[in-house]
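Here the structure comes first, spelled out in structure tokens, and everything after it is commentary.
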Amino acid sequence: MINAVKGTRDLLPPDTRVWNRVEETAREVFRLYGFEEIRTPILEPLELFVRSVGEASDIVHKEMYAFTDRGDREVCLRPENTAGVARAYIEHGLARAGGVKKLYYIGPQFRYERPQKGRYREFRQIGAEVLGAADPASDAEVLVMLFDFLRRLGFTGLTVSLNSVGTEECRPRYVEALRDYLAPHIAVLGPDDQRRLEQNPLRVLDSKDPAVKSLVSSAPQMLEFLDPPSAAHHEEMLRLLDAAGIPYKIEPRLVRGLDYYTRTVFEVTAAGLGAQDALLGGGRYDRLISDLGGPKTAGIGFAIGEDRLVDVVSDSFRAAALEGVPVAVIPLSPDDRGYAFALASGLRERGISCDVQTAAKGPGAGLKAAEKRGSRLAVLAGEEERTGRSAVVKDLIKRTQEKVSAESLASYIREREKSQ
RNA sequence: GUGAGAGUAGCUCAGUCGGUAGAGCAUCGGACUGUGGAUCCGAUGGUCGCGGGUUCAAAUCCCGUCUCUCACCCCA
């Protein structure tokens with residue numbers, strides 16, 4: 001037997017209905033906020049991620065799904081989508097058009113990791129980016145849109161964790177202060193945290209080691225080291241979030257794994273996701289475009305883990321997405337199939353989905369199959385109905401039935417579906 | 001990349017001390033030829049993940065390997 005590649009999976013019905021509804025909701029919300037879709041290649045030059053996400057990051061040094069193609073090009077399956085959007089933005093000269101570009105994407109991403117709950121080698125992200133906007137109002141707008149989306153999926157009680165990681169101007173002073181603070185306690189740090197201290201000291205802040213956690217709880221905080229422009233940016237964003245009623249909490253130890261973030265970083269976690277509890281993450285990346293060789297362009301965005309989102313989406317949203325099983329049209333004998341097809345066509349023209357059951361094993365089998373499929377209504381058509389241009393509509397739950405004329409069939413079914 | 005647990009019918013699982021494979025559900029057929037869910041009878045269904053080893057004999061013990069699950073690392 002040939003199995004799916006490790007860490008990838010098939011999404012099957014009826015679950016795909018939930019996925020589709022989530023994506024439809026995202027598209028609708030993004031449209032309302034003036035965002036447009038961008039689709040970038042799944043395959044990108046390896047170099048793109050080395051230069052954007054960061055050579056020292058785990059994503060690049062151990063999680064890349066990379067290989068050499070037949071033309072000796074170093075390529076990889078994209079581990080995230082912001083870099084690809086930035087690449088496209090530069091490549092197509094979108095900056096020259098001026099103004100702000102608001103883009104969103106929905107698609108698969110790949111990281112070569114050991115799979116576990118909420119983590120797959122192929123996973124999907126729903127993300128949005130605002131390019132060419134340095135103003136804190138963009139940070140706030142992105143979060144307002146995010147919460148609008150989450151609310152429509154039925155999430156309540158979620159809070160966004162917020163921090164600022166400053167800029168190239170003020171972060172080095174903070175890193176130095178953090179190193180000074182940790183230096184006397186180096187013995188407390190395990191091997192992982194010592195490595196972090198070397199490579200990316202900010203990561204020590206979100207260590208899971210209890211001893212390190214308590215040590216770090218009284219460490220100096222980045223927010224105290226922000227230079228005036230970054231501090232003002234942070235304050236204004238918070239003011240706008242307050243005005244919009246967005247539930248947030250300042251999390252001074254929040255850092256993110258991608259090297260390109262500046263100033264605002266945020267993340268939302270959710271219960272029920274196991275150890276990988278980050279539902280989404282994002283932040284500002286004012287240097288990314290220029291680092292990739294484009295004009296100096298500010299940017300902010302987020303990525304939602306769609307697999308995780310679908311995992312914990314509200315029961316009511318899920319139930320709504322799973323509603324609507326086709327009406328079963330059941331010919332009572334093989335001779336009635338033609339008439340059944342005609343009835344089905346009429347229903348479909350009026351937007352009612354239906355499937356025609358085979359007549360091979362008699363009406364009992366047809367009804368059984370319809371029930372198994374979850375249909376609530378069945379349309380029975382035999383010789384008597386065919387000659388009288390009518391149909392019997394049977395309620396499979398109440399076990400009642402009624403004869404209606406062929407021409408009023410669709411409206412009758414609509415009424416019945418509405419009343420359920 | 002590291003660690004732990006698991007892998008037997010389509011699904012959920014049992015399988016004793018090593019003795020040649022089982023149940024429930026599902027599927028199909030029948031009781032039931034214009035009306036389903038219940039019940040009864042019957043049938044189909046297996047490379048016991050894969051490979052090697054020990055043994056007269058391996059689903060069972062040993063080694064390797066693959067996959068899944070969870071955790072670490074890290075992240076969505």
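Here the structure is a predicted model, which means the values were calculated and not measured. Chain naming here is simple, since letters A, B, ... match the order of the sequence lines and numbering starts at 1 in each.
Remark: B:A21 base-pairs with no nucleotide in the shown strands. Criterion, Watson-Crick or G-U wobble with two distances under 3.5 Å. Figure legend. B:A31 is base-paired to B:U39; pairs are counted as Watson-Crick or G-U wobble with both atom distances under 3.5 Å. Using N1 to N3 plus N6-O4 or O6-N4 for Watson-Crick, or N1-O2 and O6-N3 for G-U wobble, each under 3.5 Å, B:A57 pairs with nothing. In this structure, B:U65 forms a base pair with B:G49, meeting either the Watson-Crick or the G-U wobble geometry with both donor-acceptor distances under 3.5 Å. For B:U2, the paired base is B:A71 (Watson-Crick or G-U wobble, both distances below 3.5 Å).
Using a 4.0 Å heavy-atom criterion, one finds that A:Glu384 contacts the bases of the nucleic acid, with or without backbone contacts as well. Contacts of A:Gln109 with the nucleic acid, taken as non-hydrogen atoms under 4.0 Å apart, are absent. Among the protein residues, A:Gly7 comes within range of the sugar-phosphate backbone only, with heavy atoms under 4.0 Å from sugar or phosphate atoms but none that close to a base. Looking at heavy-atom distances under 4.0 Å, A:Arg9 makes no contact with the nucleic acid at all. When heavy atoms are screened at a 4.0 angstrom cut-off, A:Gly366 is found touching no nucleic acid atom at all. Using a 4.0 Å heavy-atom distance criterion, A:Leu380 is classed as a base contact. Using a 4.0 Å heavy-atom distance criterion, A:Ile126 is classed as making no nucleic acid contact. Contact annotation for A:Lys372: backbone-only contact, meaning every heavy-atom pair under 4.0 Å involves sugar-phosphate atoms and none involves a base. Nucleic acid contact class of A:Glu383 (heavy atoms, under 4.0 Å, all strands): base.
Of the candidates B:G34, B:C73, B:A76, the closest approach to any side-chain atom of A:Pro363 belongs to B:G34. Picking from B:A76, B:G34, B:U35 the nucleotide with the shortest atom distance to the side chain of A:Phe123 gives B:A76. Which of B:A71, B:C75, B:U35 sits closest to the side chain of A:Ala275 comes down to B:A71.
We find that CG of A:Leu254 is positioned 11 Å from P of B:A76, with the value rounded to whole Å. Going from atom NZ of A:Lys208 over to atom P of B:C75 covers 10 Å, rounded to whole Å. Rounding to whole angstrom units, CD of residue A:Gln401 and C1' of B:U35 are separated by 7 Å. Distance A:Phe49 CZ to B:A76 P: 13 Å, rounded to the nearest Å. As a whole-Å value, the separation of A:Asp277 CG from B:C70 P is 14 Å. In this structure, A:Leu77 places its CG atom 17 Å from C1' of B:A76, rounding to the nearest Å. In this structure, A:Leu367 places its CG atom 12 Å from P of B:G34, rounding to the nearest Å. One can place CZ of A:Phe302 at 17 Å from C1' of B:C75, the figure rounded to the nearest angstrom.
Rounded to the nearest Å, the gap between the C1' atom of B:A38 and that of B:C32 is 13 Å. B:U44 and B:U39: their P atoms are spaced 22 Å apart (whole Å). For the C1' atoms, the distance linking B:G3 with B:G46 amounts to 33 Å, nearest Å. Rounded to a whole angstrom, the distance from the C1' atom of B:C56 to that of B:U20 is 13 Å. Rounded to a whole angstrom, the distance from the C1' atom of B:G53 to that of B:A58 is 11 Å. A distance of about 15 Å separates the P atoms of B:C11 and B:U27, rounded to the whole Å. Taking atom P on both B:G36 and B:G30, the two are 15 Å apart, rounded to the nearest angstrom. Taking atom C1' in both B:U8 and B:G45, one finds a spacing of 14 Å when rounded to whole Å.
The pair A:Lys403-A:Glu384 meets the salt-bridge criterion, with a side-chain N (NZ, NE, NH1 or NH2) lying under 4.0 Å from an Asp/Glu carboxylate O. Between A:Glu113 and A:Arg121 there is no salt bridge, since no side-chain nitrogen of the basic residue lies less than 4.0 Å from a carboxylate oxygen of the acidic one. Using a 4.0 Å cut-off between charged nitrogen and carboxylate oxygen, A:Lys102 and A:Glu36 do not count as a salt-bridge pair. Electrostatic pairing of A:Arg386 and A:Asp336 counts as a salt bridge here, judged by a charged N lying under 4.0 Å from a carboxylate O. Salt bridge absent: A:Lys213 and A:Asp209 never bring a charged side-chain N and a carboxylate O closer than 4.0 Å.
At the phosphate of B:C68, OP1 or OP2 sits under 4.0 Å from a side-chain N or O atom of A:Lys6. Dashed line: the shortest gap from a side-chain N or O of A:Lys117 to OP1 or OP2 of B:U69 is not under 4.0 Å. OP1 or OP2 of B:A71 has at least one side-chain nitrogen or oxygen of A:Gln116 nearer than 4.0 Å.
Judged by distance alone, the side chains of A:Asp193 and A:Ser207 do bring a donor and an acceptor atom under 3.5 Å apart. Under 3.5 Å, the side chains of A:Ser230 and A:Arg263 contain a donor-acceptor pair of N or O atoms.
Residue-to-nucleotide contacts include a donor-acceptor pair under 3.5 Å from the side chain of A:Glu385 to the base of B:G34.
Remark on RNA chain B: of its neighbouring residues A:Gly382 and A:Gly274, the 5'-side contact belongs to A:Gly382, judged by nearest-heavy-atom nucleotide. Mapping A:Asn3 and A:Arg111 onto RNA chain B via the closest heavy atom, the residue that lands nearer the 5' end is A:Asn3.
No donor-acceptor pair under 3.5 Å is formed between the side chain of A:Arg376 and the backbone N or O of A:Val325.
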Close N/O contacts between protein and nucleotides 1-6 of chain B (under 3.5 Å):
| residue | atom | partner | partner atom | Å |
| --- | --- | --- | --- | --- |
| B:U2 | O4 | A:Arg114 | NE | 3.4 |
| B:U2 | O4 | A:Arg114 | NH1 | 3.0 |
| B:G3 | O6 | A:Arg114 | NH2 | 3.4 |

Can you give the donor-acceptor pairs under 3.5 Å from side chains of residues 46-54 of chain A to other protein atoms, not counting sequence neighbours?
| residue | atom | partner | partner atom | Å |
| --- | --- | --- | --- | --- |
| A:Arg51 | NH2 | A:Asp291 | O | 2.9 |
| A:Ser52 | OG | A:Leu48 | O | 2.8 |

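The two atoms that bring A:Val212 and A:Val188 nearest to each other are CG2-O, 4.0 Å, heavy atoms only. Nearest heavy atoms, A:Leu131 versus A:Thr297: C-CG2, 4.3 Å.
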